[in-house]
Every structure is written in structure tokens, then in C-alpha cells.
Amino acid sequence: MALPRKKPKKPIAPWRQNILDHHHSRPSRSDRNEFPQKVVRELIEEAKGLCQCGCGRPDTETHHVMPRARDGRGVKTNGMRVNGVCNQRFHANEDELQKWIKVYTERYGPYFWYDEQDWEEHRRKEAAETQAAEAKRLQEERLDPVVTLLATAAGRPLRAKEKRLIESLPDKQMNVFADLMADVVNGLNKAASFYPTHGYGHYFED
């Protein structure tokens, strides 16, 4: 029995060929952690041939102040020209490593080891956190009158599960619920002011 012949693939239109060639994927983590030659040359020039830890030895290596294993990037603000002996000492001694991390934090600020992609992600995260905090503030502002009314009616603070129940209500239902609770509290206040004035003895006698 002869196998069915495969249908030949339709040729790609010329205008669609290589249409995405100008798009480049972002560099990998290992690529981002390597110092570009330009950065190395600048660090060598600034070091003037000496280890930048101050030991007086010649500089032979470019050290990541924030280690690559901790996502220290190959940016100039994370680079330090050192002697090989000193480089090994930094990686073997956490106190020594933290000492230079502190020095570079004071020199260049927090996240001195970030590259542009890190800063982009950091700003996006900060914006999301700010947005979440604002949404929480608005929600608390919306819930506060209802929570206050319920706590007044109950004569005690609301429990966590009770607050979660209120938070789960849609805005429309929340508004109806708030109006209802306002009427309940007002009714209780009117009743409290009415009965002490007339007294229960008028209706119930021993």
C-alpha cells in the first residue's frame, strides 16, 4: 500500500522572510555578568597598575564586588581591579567580601551591581508595589465607615474573618450594606435614647 504523499510546504512570501531579524533576545544571565572589554579597560586605567584594595600589589584581575553567583553584573560600578591573591581572599572570606560591598554601597548607592535590565525590572516592581499600596489604601478608605459601623453595633472590634467577608463584597453590595448598617445603628441609638426616658416600669410591673 502506497503511503500518502506529503503536501509540499507553501513557500514563505518574500516580504515575510527575515521579518524578525531586527529583534534580538535579551542577553543571558552569564552574558550580563561578564565585564565588557570597554569596562575592563576603563577600570585598568583608573587602577594605574595597583590592586584597588590598597595592598600595593599589581592588579591582575577584575573582581566582581557583588559576586556573579549573587547576580552581580558586569557593570563598572561593580568592578574592582585586584591582585589574584586578594581576589581569592575576598571569595574565601565573607567578612572581607561584605566589607567591600559596604564600601561600594556607600560609593555608588544601593544596587550598585545592577545593569539596565535590573533597573528596568526594579522600577517595574516598585511601580507595582506602589499601585498595590494605593489600591489597599483606597480599599481601607472605602471599608472604614462600614467597619466602624459594624464595630459600633457589635460593641467590639471586628475579627479578621469578619473583615475578610466585608472585603469580598462588590462595591454595589458594599454601598447597600453600608446604608443598611447606618440605619441599624441609628435605630439602636434612637431605641437607647427612648427607653431610659420612658422607663420599663411603665409597661412591666412586678
Side-chain angles (χ1 to χ4, degrees), residues 3 5-140 164 167-168:
L3 295 174
R5 297 178 62 183
K6 290 185 179 180
K7 186 177 180 180
K9 291 184 178 179
K10 187 177 180 180
I12 301 174
W15 68 271
R16 297 191 65 178
Q17 295 177 6
N18 305 321
I19 194 171
L20 298 178
D21 282 358
H22 65 287
H23 290 280
H24 300 286
S25 59
R26 289 192 168 189
S28 67
R29 173 179 171 180
S30 60
D31 289 337
R32 293 167 63 196
N33 292 354
E34 292 296 330
F35 288 109
Q37 287 300 314
K38 178 178 181 293
V39 169
V40 174
R41 286 195 295 269
E42 290 175 358
L43 290 170
I44 290 174
E45 184 178 349
E46 292 177 4
K48 301 186 185 304
L50 294 176
C51 177
Q52 291 184 309
C53 81
C55 66
R57 297 187 181 95
D59 66 311
T60 58
E61 301 177 10
T62 304
H63 166 65
H64 289 74
V65 180
M66 180 62 73
R68 282 178 285 192
R70 305 182 193 183
D71 284 338
R73 307 304 184 192
V75 293
K76 187 177 178 182
T77 52
N78 192 39
M80 181 179 181
R81 288 294 297 176
V82 297
N83 185 269
V85 174
C86 301
N87 199 2
Q88 291 180 12
R89 187 178 75 252
F90 295 161
H91 287 288
N93 188 321
E94 182 66 23
D95 290 340
E96 185 82 12
L97 184 66
Q98 290 299 325
K99 166 192 168 183
W100 286 104
I101 288 175
K102 182 179 179 182
V103 168
Y104 272 61
T105 299
E106 292 172 351
R107 185 178 299 174
Y108 298 112
Y111 314 113
F112 62 85
W113 64 93
Y114 274 16
D115 64 6
E116 283 301 317
Q117 188 171 326
D118 286 318
W119 280 116
E120 181 184 330
E121 293 169 358
H122 180 75
R123 287 189 289 268
R124 187 164 56 245
K125 182 180 178 182
E126 278 192 330
E129 290 174 348
T130 300
Q131 187 177 5
E134 177 64 11
K136 183 178 180 182
R137 185 190 68 78
L138 291 174
Q139 184 185 45
E140 289 176 350
R164 286 196 296 270
E167 291 172 356
S168 67

Novice: Please find the pair of heavy atoms, one from P36 and one from G74, that lie closest to each other, and give the distance.
Specialist: CD-O, 3.2 Å
Novice: Answer whether the closest heavy-atom distance between the side chains of V75 and N78 falls below 4.5 Å.
Specialist: yes
Novice: I'd like to know if the side chain of T60 and the backbone of G84 have a donor-acceptor N/O pair within less than 3.5 Å.
Specialist: yes
Novice: How far apart are the closest heavy atoms of I101 and M66, and which atoms are they?
Specialist: CD1-CE, 3.9 Å
Novice: Return the orientation label for the H122 and W119 ring planes: parallel under 30°, perpendicular over 60°, tilted otherwise.
Specialist: perpendicular
Novice: Provide the full list of side-chain hydrogen bond (donor to acceptor under 3.5 Å, both in side chains) pairs with a residue in residues 32-41, sequence neighbours left out, each pair given once.
Specialist: R32-D115, R32-D118, N33-R73, E34-R68, K38-E42
Novice: Hey, does E121 have a side-chain heavy atom less than 4.5 Å from the side chain of Q117?
Specialist: yes
Novice: Scan residues 124-134 for pairs that pass salt bridge (Lys or Arg N to Asp or Glu O under 4.0 Å), counting only residues two or more places apart or in two chains.
Specialist: E120-R124, E134-R137
Novice: Is there a donor-acceptor pair under 3.5 Å between the side chain of Q52 and the backbone N or O of M80?
Specialist: no
Novice: Rounded to the nearest 0.5 Å, how far apart are SG of C53 and CH2 of W100?
Specialist: 6.0 Å
Novice: Answer yes or no: is there a donor N or O on one side and an acceptor on the other, between the side chain of T77 and the main chain of F112, under 3.5 Å?
Specialist: yes
Novice: Can you give me the closest heavy-atom contact between P67 and H91, atom names plus distance?
Specialist: CB-CE1, 4.4 Å
Novice: Going from CD on E94 to CG on L97, what distance comes out if it is rounded to the nearest 0.5 angstrom?
Specialist: 5.0 Å
Novice: At what distance, to the nearest 0.5 angstrom, does NZ of K76 lie from OG1 of T62?
Specialist: 12.0 Å
Novice: Does any donor atom in the side chain of H63 or N87 lie under 3.5 Å from an acceptor atom in the other side chain?
Specialist: yes
Novice: Using the ring of each side chain (for Trp, its six-membered ring), is H64 parallel, tilted or perpendicular to F35, with breaks at 30° and 60°?
Specialist: tilted
Novice: Is any side-chain heavy atom of L50 less than 4.5 Å from a side-chain heavy atom of R57?
Specialist: no
Novice: Would you check, one step at a time, whether the test side chain to side chain contact (heavy atoms under 4.5 Å, CB included) holds for V82 with F90?
Specialist: CA-CA 10 Å; V82 297; F90 295 161; 3.7 Å; yes
